[in-house]
Trainee: 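Below is the structure I would like to discuss, written out as structure tokens.
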There are 2 protein chains.
Amino acid sequence: MDFSIGDLSRRTGVKVPTIRYYEKEGLIEEPIRTEGNQRRYTERDLERLTFIRHGRDLGLPMPAIRELLDLSAHPDAPCADADRIASEQLQNIRMRIVQLQSLEAELTRITQSCTGTHAIADCNVLKAFGDHGLCKGEH
Amino acid sequence: MDFSIGDLSRRTGVKVPTIRYYEKEGLIEEPIRTEGNQRRYTERDLERLTFIRHGRDLGLPMPAIRELLDLSAHPDAPCADADRIASEQLQNIRMRIVQLQSLEAELTRITQSCTGTHAIADCNVLKAFGDHGLCKGEH
DNA sequence: CTTGAACCTATAGTCGCTATAGCAATTACA
DNA sequence: TGTAATTGCTATAGCGACTATAGGTTCAAG
């Protein structure tokens with residue numbers, strides 16, 4: 001029915017001390033405790049923590065995750081707020097996708113021109129990172 | 001001919017304290033000093049720091065950058081290792097793109113079904129990341 | 001009922017920076 | 001050449017997001 005912090009950790013891939021840290025930070029609810037003061041979690045907690053884990057893996061900043069959690073936590077709230085949050089986050093996500101795609105293109109180009117048989121001296125991987133021309137003109 | 005830490009900072013986009021931090025960590029060489037004990041850098045230092053900067057921008061983890069710097073210090077070694085590092089990174093990025101797109105789809109759905117006047121019925125934000133199948137199989 | 005694994009709190013440490021304080025060197029301009 | 005403003009120096013502290021450790025308690029399998 002419910003499960004321990006160790007079970008939750010195994011099922012989400014989030015380490016035990018990190019789960020306790022998230023609780024302290026208010027990212028997840030304080031769960032019920034056993035007689036002996038140990039935490040016991042539900043499927044709801046599992047879902048929430050899985051979301052946090054995946055969001056972090058994807059490189060979402062912590063505040064974005066907080067907002068998205070808030071959004072999903074109030075499905076009956078007036079829609080205007082939720083809509084604004086969703087829209088803002090949507091913009092972030094799309095920007096992130098575009099960035100990652102340009103990076104993907106760059107790395108693809110680099111690895112394709114590298115057969116693995118020549119010497120480092122002529123390696124495009126290293127040259128690519130040294131070349132300002134490949135920047136998006138930010139500096 | 002040579003230039004100050006501030007110049008180096010401006011030309012690479014790496015902040016001054018970060019440059020000193022990299023030096024302490026052995027990521028860049030200790031440069032020569034003026035009579036008055038100020039650091040003076042060369043084009044070689046600029047190149048190396050630019051490389052580090054771009055690697056970080058591309059989301060490479062610090063150990064990967066160290067590895068690449070080591071590789072480039074041995075220009076006669078085969079290129080395969082550098083290629084491997086880039087390929088690993090590429091896989092990672094492709095996975096991230098797929099997952100972000102699933103969240104994008106969900107957020108789009110939310111904002112579209114929302115006119116601002118009613119409540120959000122079935123919010124699937126949490127479920128957007130619910131699919132463990134897309135993970136690297138680590139958990 | 002025992003014993004070992006898993007849990008508890010509290011605190012300190014890690015990484016990759018970033019900020020601050022207090023002082024010295026350099027540079028620009030009058 | 002004098003003198004401010006700017007930039008540099010070291011050392012130390014702080015931050016975010018964890019991660020590890022110590023010292024003790026509870027749980028559950030045999």
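Letters A, B, ... mirror the listed sequences (proteins, then strands); counts begin at 1.
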Trainee: Under the criterion side chain to side chain contact (heavy atoms under 4.5 Å, CB included), I'd like the reasoning laid out for Ile32(A) against Thr42(A): C-alpha separation, chi angles, the key distance, then a yes or no.
Mentor: CA-CA 9 Å; Ile32(A) 55 163; Thr42(A) 67; over 6 Å; no

Trainee: In this structure, are over 12 heavy atoms from other groups packed under 6.0 Å from Glu29(A) atom CD?
Mentor: no

Trainee: Determine yes or no for a side-chain-to-main-chain donor-acceptor pair under 3.5 angstrom, with Thr50(A) supplying the side chain and Leu46(A) the backbone.
Mentor: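 Yes: the side chain of Thr50(A) pairs with the backbone of Leu46(A).
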
Trainee: For residues Arg11(B) and Leu49(B), determine if any side-chain heavy atom of one lies less than 4.5 Å from a side-chain heavy atom of the other.
Mentor: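 Result no, sub-4.5 Å side-chain heavy-atom pair not found.
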
Trainee: Separation of Arg56(A) atom CZ from dG16(D) atom P, in whole Å?
Mentor: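 It is 13 Å, rounded to the nearest whole Å.
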
Trainee: For Arg66(A) and dA17(D), what is the distance between atoms CZ and C1' respectively, to the nearest whole Å?
Mentor: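 It is 11 Å, rounded to the nearest whole Å.
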
Trainee: Measuring only between side-chain heavy atoms, which start at C-beta, is Arg10(B) closer than 4.5 Å to Asp7(B)?
Mentor: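 They are in side-chain contact.
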
Trainee: Does anyone know the first and last nucleotide of DNA chain C in reach of chain A, 5' to 3', at under 4.0 angstrom to a heavy atom?
Mentor: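 Listing 5' to 3', DNA chain C meets chain A from dC7(C) to dT9(C).
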
Trainee: Using a cut-off of less than 4.0 Å, is there contact between a side-chain N or O of Arg39(B) and OP1 or OP2 of dT7(D)?
Mentor: no

Trainee: In whole Å, I'd like the distance from the CZ atom of Arg40(A) to the C1' atom of dA28(D).
Mentor: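 To the nearest whole Å, that distance equals 10 Å.
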
Trainee: Does anything in residues 14-37 of chain A reach DNA chain C, meaning a heavy atom under 4.0 Å, and if so which residues?
Mentor: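 The stretch gives Arg20(A), Arg33(A), Asn37(A) as the residues lying under 4.0 Å from the strand, ordered by number.
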
Trainee: Hey, does the side chain of Arg40(A) reach the backbone of Asp2(A) with a donor-acceptor pair shorter than 3.5 angstrom?
Mentor: no

Trainee: Pairs of donor and acceptor atoms involving the side chains of residues 14-25 of chain A, under 3.5 Å and at least two apart or interchain, shall be tabulated with distances.
Mentor:
{"residue": "Glu23(A)", "atom": "OE1", "partner": "Arg39(A)", "partner atom": "NE", "Å": "2.8"}

Trainee: To the nearest 0.5 angstrom, please state how far the CG atom of Leu8(B) sits from the CD atom of Glu43(B).
Mentor: 10.0 Å

